[in-house]
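Written below as structure tokens is the structure these notes are about.
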Amino acid sequence: MSESSMTRPRAAAVHHTSLGVDNRKLGVWAFIGSETLFFATLITTYFVFAPVNRMRPDFQDPRKFLDIELTTVLASILLASSLTMVLALSAIKRGDRRWFTTWLLATVGLGLAFIGGQAYEFNHLYHEGLTLSSSLFGTTFFVLTGFHGTHVAIGVIWLLSVFFKVRAYPDSPENPMDVEIAGLYWHFVDLVWVAIFVLVYLI
Amino acid sequence: MVIDTLQLSGIIPLETSCNFSRIIRGGCPGYSRKPYWRGTTLSVAQPHPRASRAGAWRGAFMNMLPRFLLRWSRFLLLIGMSVVLAACSNSPGNTYDPHGDNARRIYELLIPIWWMALGVFVVVEGLLIYAIWRFRRRSDSSATPAQVHGNIQVEILWTIAPAIIVLVITVLTFRTQAANSVIPEDALRIKAIGHQWWFEFQYPDAGADGKPIVTASDLYIPVGRPVTVVLESQDVIHNFWVPKLAGKTYMIPGKTNYLSFTAEQPGIYRAVCAEFCGEAHALMRFRVIAVDEAEFNRWLAQQKTPPPTPAGTLTVNGLTGDAARGQAIFLDARKQCIACHAVEGTNARGQIGPNLTYYGSRQTIAAGVLPYSPENLDRWLREAPKLKPGNLMSRVLTPQWIRQNLSDQEIADLVAYLDSMKVSVTLPPER
Amino acid sequence: MAGHREEHGSHVHGEHSHSDRFYWLVAGVLAVVTALEIGLFIINEQHLIAKWLEVTLLLILSTIKGAAVVMFFMHLKGDAGIFKFVFLVPLAFATTLFLSFMVLFSDHVGIAG
Amino acid sequence: MAIAERPAETVSLPRVNVRPGWAGWLSTTDHKRIGIMYLVSAFVFFLIGGIEALLMRIQLGTPDNTFLTPDVYNQMFTMHGTTMIFLGLMPLNVGLGNYMVPLMIGARDMAFPRLNALSIWLFIFGGLMLYVSFFVGGAPNVGWFAYAPLTQKQFSPTAGVDYWIVGIGLTGVASIAGALNFIVTILNMRAPGMTLNRMPLFVWMQLIVAFILIFAFPVLTVATIQLLFDRHFGTRFFLPNLGGDAVLWQHLFWFFGHPEVYILILPTMGIISEVLPTFSRKPIFGYAFVAYSGVAIGFLGFLVWAHHMFAVGLGPLANAFFGAASFLIAVPTGVKIFNWLATMWQGSLNLTTSMLYAISFIGMFVIGGISGITLASPPINVQQTDSYYVVAHMHYVLFGGAIQGIFAGIFYWFPKMTGRMLDERLGKWQFWLMLISFNLTFFPMHLSGNAGMPRRIYTYEADMGWGLWNLISTIGSLLLAVAFLIFLWNVLTSLRRGPIAPADPWDGATLEWAVSSPPPVYNFAVTPRVRSRRPLWDEKYPHLVNGSHEAPTARPRSPLHDGFEREIPAVMEPIHLPSPTYAPLIVSVGITILGFGIIYLGDFGLIAASAMLVGLLIMAAGIFSWVRISHIDSPHHAHHGV
Ligand code: HEA
Ligand code: HEA
Ligand code: CUA
Ligand SMILES: [Cu+2]
């Protein structure tokens, strides 16, 4: 029984629903839609204040503070974690528990590395004199990237809970869907970083 | 098929209608008391015998309804008349009684829109009341009405018709808006600064040595000449509103706004802060005093010169104050006044409170809390915390502080001093 | 029971998952695009091309990246239409929010109200 | 033709697993119980908001009155507005939706029953949080739209604003979770044959509102978070003296705030679209137009926010754009109004209390809509904004519209929800008294507003000429209170002594009337099969179907075309009901403690941080038991007997 539900879990993963899609997956996509506006607001605020920052006496130049090398590393970490995430999903769909574990833990590890990198960056910036209250750049930058970091942290917790759930109930036919929706959220967080990376760090 | 048609056209009566009271009396043909779901779910409970009373009063009520409507429409009529009355009455803030070009243009825009709105109102409410009256179920009829599901033509009609009205309103609106947002080149510029909870006014370049003339709460403007008020704020958002002269404009910290209007008749106009700005927002008022240009220039000229050395006495509430002594108290740093207030020509240069130069000619005290009079000024100095809760002055001039630092005599002296600084203007009528 | 499951399984959207090789390929493309972005950024510190051109190029590149993540990693491409709806509609609103605020807070909008 | 073709014998009815008494309510995951909890708690908050309104009205009844101090008055209108919008009207709509939507689409429950429970608890705790502020140094006193920079610590030093932020935040999370639940339920849990174009209009409007909600609320969430950071963590988003921007707050707030008013009105427009056809004994006129005009309103609603800011000085161009866009909303709204009139036209109107409220909704909403149109004209607006004219407008749409719509819904569905009929005679007394006193209260506000009376003033001078209007308003509001007392009395007595309600007391057309009153826990023993917009009606009156003017709905080409037309499996599925669980309650307790911690983090760092830690731990415990129970509940688990 357990063998077959691992190999052909998809058949049962979707009950008959009106649109033929999984309820939770639909819910998570809608949630991602909502989160899109959350981050859009933060990014918009950043850009509303960017020119004001430039005109103020306590102006702090983003280009002077932001370290392109560190950022590149961070961006690469998140992009890589998206790859490992989708590989983990692919593995559990195949019923390949070993590779699933590997890829999922790799994703978690990369997520933690990102958080660590961001903590390092924040600490560094703080010592260079960039704080929440030092300038409009500090205000908008930390709140935007901080909330992104919080989302990464939530994503890590989510992934870990999926990991433990799959371990506790290895035969549950819901496992692939659990992984898939956690993955959707994870990719979305990566997506936000794609935007922040170009809008905040490069432009 | 034929039967269907006949039924729909109402020739053969259709299914008896099934309302609540009929169902519970069990009198609905074609409607089984034992529904299909009964076997599968909980059974439908039997109705309570008292329920049938509902049928009895319904008849009575139906008979009452037209009378109700009649009364109701009379009430509406009454309200309608009140609107007209209100439009003609002369309350000091009446927006239907414009005395400035800006407010007048708005009023003139409002009238055609009101007519259109009235049209929409009458059509909708008329149809509604007609429908209630005409199509309400009579107790004798039992036909099921024709099951009409829709009609594209009428849908298009009632999409287009409002769209046309809306278009007209839009065009009218744009025209008025264009006219009202012009800032004339030659307008007199006056700066108005919002404070919690009073208005400061500055006439740039008008004062001695190119300094601005600074005053508060009374805004003097010339009649017939465009004025542009430059609006700023010191703390939170305020809203500058002289209903009879012009629409509102916010005073926003960190932003400068402009409002242009021309007063068309001389008058003292009531004005308020219209945006909630904290505890005493309700008591943040001012007056606009529109005088003809010659009088205005005379006023300006007097404001330019600092008040002369005070002299004379004044009796308030039985105590006689001395203006010269009052000035000395006022300028005595231990009495705190100069920490916050300025008077031209003295070393009082406080910036926190209103500039008190020529205070004796003010119309009101503390942004409209009390009408100006020496008695009320005396009250203000004693009871500022009570008269205007939360205001900054009462943080220092607490009753206890006054008891320790200002004797009754000293207060009388202060009143005499402040009252002695007067300019001469012929005041226009209250509007 | 089994028959009924078959029936529903058969028309589930987004069924055709890609091979792992394909995901590596996408990741490779993402890496290349990121490298291009950073390259552009570093090179243009000498102001070789106009700022607006750099910004446009960067935006195009990152749009490609984002689209790749959404379409292939999140499988939006080929998945049920409803997912596209609940993601792209808010994305449109978000864009509206951003662009309209940029206009409203620019200096080009007149001052007098 | 039968809605459910299978005989009952093949269905194994579920073992109903409900804890008795209070425990049952605290651990419930049943959408009907949650709906009732929403309705009751929202109504309690509504009454509190109403009492705050009465206190304000008493203060304003005469000029220069000293019944309330200014600070208390300011707390009153802030709490009144916040309560009515976030804790009264919104959850009343959610409550009706929670109860009725699954029934109307033929579902057994919401898509995520435990998330649903989380929503109700977060809502209740959010509301309580807001009211706790009264006892810890004063309620918020900055108005329900909390304009910056008045909300900054410098001007509002008490914790009131913080409680406002966190309270709104909790109810906001609840609303988003609830909206996601509605979206998935409505899109994905419809009975076979219930296509989008056959959905009851109430369900349509709830769907639209759920989408508006998940798009609009995040913007408010971000704005309030930024405000919280300004107050406690040294940022300066809305601090103009440090380069922040007071106008940004307004844009963010109203980008949320205007869609919010359609969140409030659209569900009640849905109610009207159910009630009018039922009591006119006709189908809704122009179903598609009524449905899609709702979509149009929801969409346009996102493009007009700055009509609340015409006096801000955005510039003529921006004002012109937002004014014109606002006017445009009159068109889809008019479409609805006229379709409702056409629904009544040539009907056989049964003037029950519910119907009277529905009719009166149209009558009063139009007045509010028209005053909205004058407000949407920028030049006129600058005279009327921030005056009592706005107060009149908003109460005509909020009370004359939304609250009357809610009453139409409550009188309509009360029998379904409780199994008892409300007393119609008392209902009509309530209706007429309310209609008259409502107009007495709010109509004069148009006049005082145009006579120059600003809003949010705790006192005014006698010589301003507003005294009469205010006195009438105050008398009206006291009469309104009587109307509400009649309603309370009606509910309390009817619950115990009211006539037992049959399944289908009004001869309804939609699925909720196909089950007993109140419905069984599992709603439908057999999932109904839907073939038209009026499944129950067509079953009761088959002879009317052919003669109807409805174009026959084309069957989809393939039965699997969109998933709707799938056959019901031959073997009846056993009914799964989610088990009762305390997990959502525990999680929301944790989140609430977290919220308290955030308020005091800036001032009492260590204590607050440890409180937050406790909150997190409670949350984690809740989530743990949540995951466990949801695994046990999953259908596969039951199948495999794991
Ligand atoms: C249920 C809530 C609700 C609804 C539905 C509306 C509907 C509308 N509102 Fe209202 N509004 C509020 C709640 C609501 N509002 C609240 C709470 C505030 C105050 C917030 C605060 O400051 O505290 C406010 C404030 C407000 C303002 C800002 C006032 C100010 O502070 O300066 C404006 C300005 O444009 C406005 C406009 C409109 C318009 C154009 C509509 C339109 O949607 C109305 C459309 C309807 C009709 C027009 C009637 C039916 C149509 C026809 C019969 C067709 C024919 C009609 C014509 C051709 C005209 N509203
Ligand atoms: C759904 C929304 C809603 C509803 C229903 C109401 C209902 C009422 N409102 Fe409200 N109002 C708002 C939303 C609403 N309001 C908003 C958003 C504001 C703006 C706030 C701001 O400016 O920030 C506002 C502002 C506002 C003001 C302006 C305040 C000011 O600007 O200074 C006034 C003034 O009269 C007012 C009055 C009333 C009255 C008399 C009612 C009445 O209809 C109330 C009727 C209810 C009752 C009378 C309750 C009955 C109670 C009982 C029967 C007691 C039972 C007792 C026990 C069980 C113990 N409201
Ligand atoms: Cu200043 Cu209100
Ligand atoms: Cu609005």
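From a predicted model like this one, the values you see are computed outputs, not experimental measurements. Reckoned from all heavy atoms, side chains included, excluding hydrogens, waters and symmetry mates. Within every chain, numbering begins at 1; the chains are lettered A, B, ... in the order of the sequence lines, protein sequences first and strands thereafter.
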Self-check item: Sidechain-backbone polar pair: D:N141 side chain, B:G278 backbone, donor-acceptor under 3.5 Å
Solution: no
Quiz item: Would you say B:W158 and D:I337 make side-chain contact, with heavy atoms under 4.5 Å?
Solution: no
Quiz prompt | Donor-acceptor pair, side chain of B:Q147 and main chain of D:R281, under 3.5 angstrom | solution = yes
Quiz item: Contact part of B:I252 toward chain D, heavy-atom cut-off under 4.5 Å: side chain, backbone, both or neither?
Solution: side chain
Quiz item: Of the backbone (N, CA, C, O) and the side chain (C-beta and beyond), which part of B:A178 lies under 4.5 Å from a heavy atom of chain D, both, or neither?
Solution: neither
Practice problem: Go through the atoms of D:L150 and report whether side chain, backbone, both or neither lie under 4.5 Å from a heavy atom of chain B. | Solution: both
Practice problem: Please look at D:D463 and chain B and tell me whether the side chain, the backbone, both or neither of the residue comes under 4.5 angstrom of a heavy atom of that chain. | Solution: both
Quiz prompt | Part of B:R270 lying under 4.5 Å from any heavy atom of chain D | solution = side chain
Self-check item: From CA spacing to verdict: side-chain hydrogen bond (donor to acceptor under 3.5 Å, both in side chains), D:Q154, B:D235
Solution: CA-CA 10 Å; D:Q154 181 190 354; B:D235 34 49; over 6 Å; no
Quiz item: Using non-hydrogen atoms only, which part of B:F174 is less than 4.5 Å away from chain D: side chain, backbone, both, or neither?
Solution: side chain
Quiz item: Quick one: does B:I152's side chain get under 4.5 Å of D:F289's, heavy atoms only?
Solution: yes
Quiz item: Does B:T95 use its side chain to pair, donor to acceptor, with the backbone of D:N450 at less than 3.5 Å?
Solution: yes
Quiz item: How are the rings of D:W345 and B:Y130 set to each other: parallel, tilted or perpendicular (split at 30° and 60°)?
Solution: tilted
Self-check item: Winner by heavy-atom pair count (cut-off under 4.5 Å) against chain B, out of D:S377, D:A246, D:S156
Solution: D:S377
Quiz prompt | B:T159 vs D:P332 side-chain heavy atoms within contact, under 4.5 Å | solution = no
Exercise. Name the member of D:L468, D:T459, D:T343 that forms the most heavy-atom pairs with chain B at distances under 4.5 Å.
Key: D:T459
Quiz item: Side chain, backbone, both or neither: which part of D:F145 has a heavy atom under 4.5 Å from chain B?
Solution: side chain
Practice problem: Report yes if the side chains of D:M344 and B:I132 come closer than 4.5 Å at any heavy-atom pair, otherwise no. | Solution: yes
Quiz item: At a heavy-atom separation under 4.5 Å, does B:R134 approach chain D through its side chain, its backbone, both, or neither?
Solution: neither
Quiz prompt | Region of D:Y287 that comes under 4.5 Å of a non-hydrogen atom in chain B | solution = backbone
Cut-off 3.5 Å, no hydrogens considered: what does the side-chain donor-acceptor table look like for residues 378-386 of chain D, sequence neighbours left out?
from   : atom 1 : to     : atom 2 : distance (Å)
D:N381 : ND2    : D:L375 : O      : 2.9
D:Q383 : OE1    : B:W241 : NE1    : 2.8
D:Q383 : NE2    : B:P243 : O      : 2.9
D:Q384 : OE1    : D:T374 : OG1    : 3.1
D:D386 : OD2    : B:N239 : ND2    : 3.1
D:D386 : OD2    : B:Y250 : OH     : 3.4

Exercise. Against chain D, label B:I113 side chain, backbone, both or neither, depending on which of its atoms sit under 4.5 Å from a heavy atom there.
Key: side chain
Quiz item: With only heavy atoms counted, which part of B:L283 is less than 4.5 Å from chain D, the side chain, the backbone, both or neither?
Solution: side chain
Quiz prompt | Residue pair B:R137, D:S348: steps toward the side-chain contact (heavy atoms from CB on, under 4.5 Å) verdict | solution = CA-CA 5 Å; B:R137 209 198 43 230; D:S348 169; 2.7 Å; yes
Quiz item: At a heavy-atom separation under 4.5 Å, does D:F285 approach chain B through its side chain, its backbone, both, or neither?
Solution: both
Quiz item: So what's closer than 4.5 Å to chain B heavy atoms on D:Q152: side chain, backbone, both or neither?
Solution: neither
Self-check item: Close side-chain approach of D:Y147 and B:V236, heavy atoms under 4.5 Å
Solution: no
Quiz item: Non-hydrogen atoms of chain B under 4.5 Å away: do they reach the side chain of D:A148, the backbone, both or neither?
Solution: backbone
Quiz prompt | Close side-chain approach of B:F276 and D:N74, heavy atoms under 4.5 Å | solution = yes
Self-check item: Closest-packed option against chain B by number of heavy-atom pairs under 4.5 Å, given D:A320, D:S371, D:P415
Solution: D:A320
Self-check item: Side chain / backbone / both / neither for D:D71 at chain B, heavy atoms under 4.5 Å
Solution: both
Quiz item: When rounded to the nearest 0.5 angstrom, what is the spacing between CG in D:D245 and NZ in B:K255?
Solution: 9.0 Å
Quiz prompt | Region of D:Y73 in contact with chain B, defined by heavy-atom distances below 4.5 Å | solution = neither
Practice problem: Heavy-atom distances under 4.5 Å only: say whether D:S280 touches chain B with side chain, backbone, both or neither. | Solution: backbone
Exercise. For the residue pair B:P389 and D:T69, establish whether any side-chain heavy-atom pair is separated by less than 4.5 Å.
Key: no
Quiz item: Once you round to the nearest 0.5 Å, how far does CE of D:M453 lie from OG of B:S91?
Solution: 11.5 Å
Quiz item: Side-chain contact, heavy-atom cut-off 4.5 Å: B:P145 with D:Q346?
Solution: no
Quiz item: Is chain D contacted by the side chain of B:E125, its backbone, both, or neither, given a heavy-atom distance below 4.5 Å?
Solution: side chain
